Asks: 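Pasting in a structure now, in structure tokens, and then I'll have a few things to ask.
Order of the sequence lines sets the chain letters (A, B, ...), proteins ahead of strands, with each chain counted from 1. Just so you know, these numbers come straight off a predicted model, no measurement behind them.
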Amino acid sequence: MSLEVTLFLGLLDGVVFGLIMALIALGLSIAFGVMRIVNVAHGEFYMLGAVIAWYATTYLGNFILGLIIAPAAVTGLAAAVERTVLRKINYNPESTIVATIGLLYIIQQLVLAIYGPYAYNVEPPFYFRVDFPWFGYSGYKLSIAVVSLLIMGLTALFIFKTRLGLYMRATQQDREIAQAFGVPVGRVYMASFALGAALAAIAGVLVVPFLQAYYLMGLEALLISFMIVIIGGLGSLKGTLVAALIIGVIDGVVSVFFSPTLAKIVGSVLVAAVLLVKPTGLFGAER
Amino acid sequence: MVSGDKISRRKALKAISNAAAAGAIVGAGVVGAIGGFMAGSTTGGAQQTVTETRTREVTKTVTATETVTAGAPTGGNPIKIGFEVHRTGIGAVYGKWYERTTLAAVNLINEMGGIDGRPIELIIEDDGTDPQRGAQVVEKFALEHKVDFILGALFSNVVLAAAPRAGELKIPYFAVSEGYHVPSGKLNRYSFQPGITDVRSQTQAVAGWIVENLGKKITMIFPDYAFGYNHRDWFGKAARDLGGEILELIPIPPTETTFTKYFPKVPADTEVLYHVMVGPAVLTFVKEMGEFFGAKRPEIFGFIDSLEGVAIDSPGLEFLEGTYFWEAFPRYLDGYDTPYHRFFREKVGVDENGADVNDPKSVATYSHMFSCWETLFIIKETVEQSGYTRRSPEDYRAFIETLENFRWFNEGNQHPQGAKLFNGRLHQCFGQQFISRVENGRLKTVYRTKIEDSVYESDVDYTKQPL
């Protein structure tokens, strides 16, 4: 395979991977940015999305239903967690980390007990293979990269064009002042946490046809999300997208030319470099 | 009111390391091996009648230590067997089926009157598919539960951590992993693998068929750790010895989730793509391979590890049609339909297609789990022939020397996968292997190797080590 074709494949695979990861990272970034908390269980919302989608598709026979039920259920769960756990510990950053680690284990082990240790996938709602002259690529994967981009666009519209979005941005900038101006900070927190979880769950549903629903799948997603959020900047939608594409393209291109392990090393070095040079991330606001 | 604390980058990083640590505990870093067969002594008979006991009755889900004395108690002090199982972590699918198979065997042995008239008391501990916990479980078995023998583990990295500890504690340890660990000579006098063949012998047995029938120019895709290196080294050697050529080696980290980026490394003149992958992403691996190559694919030969616990007719696996797999024990009954095989399937609760009789979606890790069954019968046979009665240096000496002197385990209900040749110096068995072709979304066995095809010479001699 020629150099150009290999580069093309690396870029294509990297961009697709980046766009999907961006959706998960965006959810983390929103909760991180607005609430200043680290949700270690974020990857589990992604996993739950995938598992619920498998149940919906397998037992109700409809993938689209999964795309509705899974985010709805995960949103409900996240809202409940926010009310019953995070609020009780007063959103204390350290306590939140410990609490969400606990949540991670609870969700993970419940899924292991109920769903089991298997990795199941589902029939995609549509399938075609894009046959380039040199290699083939999943049309479904290309499609969900586009869908992911659309959902990020809708999220941006929500944040910049709706009243709740305005409240979220106000709370992110300065919670006390926002509260003084009548912003219902408690409800904004709940909405932000639930929205973040919903985005992860949607990503989980979208990937089930080509990755499988598996009880440990949340961990990798969580780690990559953190890398993206750190490089892109806290709570920055644009930063999240750009950082995800950077991470994705590095992963794709370095992997095809050198080795995937080197790609992961380069990604980690990039995180360290950003933390040293611009600790707020590429697009993060100075605080 | 909300807290006024702000989160810093440092805290965020701490959170990441916490999450990674959490994942390491739950997920266990690396994937391992699995495998083959082994043998015990005869038994058998097609029509052997044994009262059926539902394995299910004793399959409880308990996370802490669990003690099971399944089947009808036969009186006397129990023989305690510690069972180290991957209930959680990346090996959990194998763990589920290993546990089910082990419980079925324990049920059966106890119904038959136990071991030397004593019932088996099975003590089950989860090692989380984690090497560190694997070694701790061995210590717990030895010091707290005071078991007579230890069964497990499966994944290479766990075996390599647990078996040396068992050797230090001087308790016989029965690996049920197909990794080339016990026969490599790296372990000790107390480590045995009599219930499953190792990667070296498996690859040696099928290499000739591959070179002769599929092609000589081979590219290998394998997991980037010990189990994968066993394949790289031993299949590579066997293929070259037979006139094959390894064009490219493509190691893949076991935690990888997407694979398209690896396929450009496959040289265009590859005639055979050899793959062996483990872990939950195997389905994605095979699907992406199909998408990448389409109809222009080379011949493909995989180890069934790439699809253990996965239905062959899963969405997206249509591409596998016409490709070949190594199997230790055919997933579909018609691949090796013997009365002993039927007996084993019925006792474990597996249907003719290799899935749970009560849940066709729950596909067994069929090419590996029989190793637990066969190993338990070997323990029984060895205890009874050696006169082992209690945990003492003398009794262990008699047990180990008796086992080392076994030469054959005959095919039968106790050894349904087939007869096995046992090498007491290597502590390893050798047996037949199967090659199956994917036809109409199922596996059809097309070739069965002879036991001799899998035998290799080695200088390893555990019998020279002190007890």
Asks: Supply the atom-to-atom distance B:K287 NZ to A:L211 CG, rounded to the nearest 0.5 angstrom.
Replies: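 Separation between the atoms: 8.0 Å.
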Asks: Which is it for B:T257 and A:M217 under the side chain to side chain contact (heavy atoms under 4.5 Å, CB included) test, yes or no, and what are the steps along the way?
Replies: CA-CA 9 Å; B:T257 51; A:M217 70 191 287; over 6 Å; no
Asks: Any donor and acceptor pair, going by atom type alone, linking the side chain of B:K265 with main-chain N or O of A:V256 inside 3.5 Å?
Replies: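 Yes.
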Asks: Measuring only between side-chain heavy atoms, which start at C-beta, is A:L9 closer than 4.5 Å to B:F263?
Replies: no
Asks: Counting only heavy atoms closer than 4.5 Å, note whether A:L112 contacts chain B via side chain, backbone, both or neither.
Replies: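 Interface part for A:L112: side chain.
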Asks: Does any non-hydrogen side-chain atom of B:I90 lie less than 4.5 Å from one of A:Y214?
Replies: yes
Asks: I need the minimum non-hydrogen distance between B:V93 and A:P117, along with the two atoms involved.
Replies: CG2-O, 3.0 Å
Asks: Which heavy-atom pair separates B:K361 from A:W54 by the least distance, and what is that distance?
Replies: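 In terms of heavy atoms, the two residues are closest at CD-CZ2, 3.8 Å.
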Asks: Look only at the side chain of A:N121 and the backbone of B:P315, and say whether a donor-acceptor pair between them is shorter than 3.5 Å.
Replies: yes
Asks: Using non-hydrogen atoms and a 4.5 Å limit, figure out which bit of A:E220 sits close to chain B: side chain, backbone, both or neither.
Replies: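 Contact with chain B: side chain only.
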Asks: Under the side chain to side chain donor-acceptor pair (under 3.5 Å) test, which residues partner A:S143, sequence neighbours left out?
Replies: none
Asks: I'd like to verify something: which residue of A:D251, A:V253, A:V98 has the highest number of heavy-atom pairs under 4.5 Å with chain B?
Replies: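 Most pairs with chain B among the choices: A:D251.
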Asks: Need one label for A:T58: side chain, backbone, both or neither, based on atoms under 4.5 Å from any heavy atom in chain B.
Replies: side chain
Asks: Where is the tightest heavy-atom contact between A:Y118 and B:K96, given as atom of each residue plus distance?
Replies: OH-CE, 3.6 Å
Asks: Counting only non-hydrogen atoms closer than 4.5 Å, does B:Y262 touch chain A with its backbone (N, CA, C, O), its side chain (CB onward), both, or neither?
Replies: side chain
Asks: Which residue, A:Y127, A:Y137, A:Y140, forms the side chain to side chain donor-acceptor pair (under 3.5 Å) with B:E291?
Replies: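 That would be A:Y127; it is the only one of A:Y127, A:Y137, A:Y140 passing the side chain to side chain donor-acceptor pair (under 3.5 Å) with B:E291.
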Asks: Does a sphere of radius 6.0 Å around CD1 in A:I177 hold more than 12 heavy atoms from other residues, nucleotides or ligands, not counting ones at 6.0 Å or beyond?
Replies: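 Atom CD1 in A:I177 is not packed in, count stays at 12 or less.
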Asks: Between A:L216 and B:G89, what is the shortest heavy-atom contact and its length?
Replies: CD1-C, 3.7 Å
Asks: Determine whether more than 12 heavy atoms belonging to other residues, nucleotides or ligands lie under 6.0 Å from atom CZ of A:F132.
Replies: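 More than 12 heavy atoms, drawn from other residues, nucleotides or ligands, come within 6.0 Å of this atom.
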Asks: What pairs with A:S95 under side chain to side chain donor-acceptor pair (under 3.5 Å), at least two apart in sequence or on another chain?
Replies: A:N92
Asks: Could you tell me which of B:L283, B:T260, B:T258 has the largest number of non-hydrogen atom pairs under 4.5 Å with chain A?
Replies: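 Of the options given, most contacts go to B:L283.
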Asks: Taking CD in B:Q132 as the centre, count heavy atoms belonging to other residues, nucleotides or ligands within less than 6.0 Å. Is the count above 12?
Replies: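 Counting other residues, nucleotides and ligands, CD of B:Q132 stays at 12 neighbours or fewer.
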Asks: Could you go through B:E288 and A:S138, starting from their C-alpha distance and side-chain angles, then the distance that decides it, and tell me whether this counts as side-chain hydrogen bond (donor to acceptor under 3.5 Å, both in side chains)?
Replies: CA-CA 8 Å; B:E288 292 188 346; A:S138 160; over 6 Å; no
Asks: Can you name the closest pair of heavy atoms from A:P133 and B:K296 and give their distance?
Replies: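 Taking A:P133 first and B:K296 second, the nearest heavy atoms are O-NZ, 3.7 Å.
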Asks: Would you mind checking which part of B:V363 comes under 4.5 Å of any heavy atom in chain A, side chain (CB onward), backbone (N, CA, C, O), both or neither?
Replies: backbone
Asks: What part of A:V130 gets closer than 4.5 Å to chain B, counting heavy atoms only: side chain, backbone, both or neither?
Replies: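 Interface part for A:V130: neither.
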Asks: Within the structure provided, determine whether A:Q109 and B:T88 are in side-chain contact (heavy-atom separation under 4.5 Å).
Replies: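 Contact flag for A:Q109/B:T88 side chains = yes.
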Asks: Give a yes or no on whether A:R187 atom CZ has more than 12 heavy-atom contacts from other residues, nucleotides or ligands under 6.0 Å away.
Replies: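 No, not enclosed.
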Asks: Among A:G136, A:G218, A:P209, which has the most heavy-atom pairs under 4.5 Å with chain B?
Replies: A:G136
